[in-house]
Amino acid sequence: MIRVLLVDDQALLRSGFRALLDIEDDIEVVAEAADGREGVALARRHLPDIALIDIQMPVLDGIEATRLIAADPALAGVHVVILTNYGLDEHVFHALRAGAAGFLVKDIEPEDFLHAVRVAARGDALLAPSITRRLIDRYVAEPRHLRAPTGLRDLTTREREAVVLVAQGLSNDEIAARMVISPLTAKTHINRAMGKLHVRDRAQLVVVAYESGLVAPRHQ
């Protein structure tokens with residue numbers, strides 16, 4: 001059962017998302033919050049698998065709520081998915097850097113929304129290759145962002161290769177095919193790299209890969 005926390009200041013939207021989620025046999029909405037501070041408190045109380053958090057809210061916005069959740073070791077299993085009306089913008093990027101596993105636009109189709117929740121629950125980043133390229137080109141490629149994270153030198157050659165392919169938006173199966181290894185081995189390389197680089201999930205791995213210069217963005 002995938003346990004979901006809804007955090008949005010608009011009650012009507014929360015009700016709509018709950019209605020979609022509650023009819024699914026494998027998904028359960030465990031709590032709702034109307035602002036970020038309440039959302040963080042409920043995350044600590046219920047330990048959901050997914051926290052769907054609106055990016056703009058009163059009291060505490062989605063970015064700060066995400067940062068608090070990501071910084072709490074007790075909430076390491078909580079995957080934050082940012083909800084936004086505006087698509088890819090600077091606020092979304094800041095949320096990803098704060099620890100979000102991905103983002104969804106609120107006018108998403110219901111079947112795509114449900115698929116996204118299940119993807120996030122598996123620990124996969126909600127970043128399509130096209131979104132990743134736009135994200136990197138607009139923000140991460142700027143020189144002021146470049147940094148060498150602790151642990152980069154500890155990566156093996158194969159782990160580095162796997163990180164590069166993750167940053168290009170490939171799935172575990174695609175990475176396995178490219179590296180001529182099994183999907184399980186590919187996942188092992190990725191998980192070990194995440195541990196060495198101290199990141200929570202694949203979205204963070206993508207950001208670190210570009211910010212460190214391990215991967216160079218391909219400008220149009």
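Numbers here are sequence positions counted from 1. Just so you know, these numbers use all the heavy atoms, side chains as well, and skip hydrogens, waters and symmetry mates.
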Does the distance from a Lys or Arg side-chain N to an Asp or Glu carboxylate O, for Arg14 and Glu32, drop under 4.0 Å? yes

When hydrophobic residues are tied together by side-chain contacts of less than 4.5 Å, even through go-betweens, does Val164 share a cluster with Leu197? yes

Provide the closest heavy-atom pair for Ala95 versus Thr66 in the form atom of the first, atom of the second, distance. O-CG2, 3.9 Å

Closest heavy-atom pair and its distance - Ala43, Pro48: O-CD, 3.5 Å

Applied to residues 14-41, the ring pair (Phe, Tyr, Trp, His ring centres under 6.0 Å) test, sequence neighbours excluded, yields Phe17-Phe113

Suppose the criterion is ring pair (Phe, Tyr, Trp, His ring centres under 6.0 Å): which pairs have a residue in residues 28-60, not counting sequence neighbours? none

So which heavy atom on His189 is nearest to which on Ile181, and how close? CD2-CD1, 3.8 Å

Taking atom CZ as the centre, does Arg3 end up with more than 12 heavy-atom neighbours from other residues, nucleotides or ligands that are less than 6.0 angstrom away? yes

Taking atom types as modelled and ignoring hydrogens, do the side chains of Thr185 and Ser182 form a donor-acceptor contact shorter than 3.5 angstrom? yes

Return each pair, listed once, that meets salt bridge (charged side-chain N to carboxylate O under 4.0 Å, His left out) where at least one residue sits in residues 52-73; pairs must be two or more places apart or across chains. Arg44-Asp72, Asp54-Lys106, Glu64-Arg67

Just do the side chain to side chain contact (heavy atoms under 4.5 Å, CB included) check on Arg37 and Leu68 with the steps written out, would you? CA-CA 9 Å; Arg37 183 175 299 169; Leu68 289 173; over 6 Å; no

Any donor and acceptor pair, going by atom type alone, linking the side chain of Glu159 with main-chain N or O of Thr156 inside 3.5 Å? yes

Taking all non-hydrogen atoms of both residues into account, name the closest pair between Ala121 and Ile50 and its distance. N-CD1, 3.4 Å

Testing the basics here: between Ala209 and Val163, what is the closest heavy-atom pair and its distance to 0.1 Å? CB-CG1, 3.8 Å

Please check if the number of heavy atoms outside Arg178 that lie under 6.0 Å from its CZ is greater than 12. no

Do you know which of Ile2, Leu6, Leu5 makes side-chain contact (heavy atoms from CB on, under 4.5 Å) with Val29? Leu6

Looking at every non-hydrogen atom in both residues, tell me the closest pair between Val7 and Gly39 and how far apart they are. CG2-CA, 3.9 Å

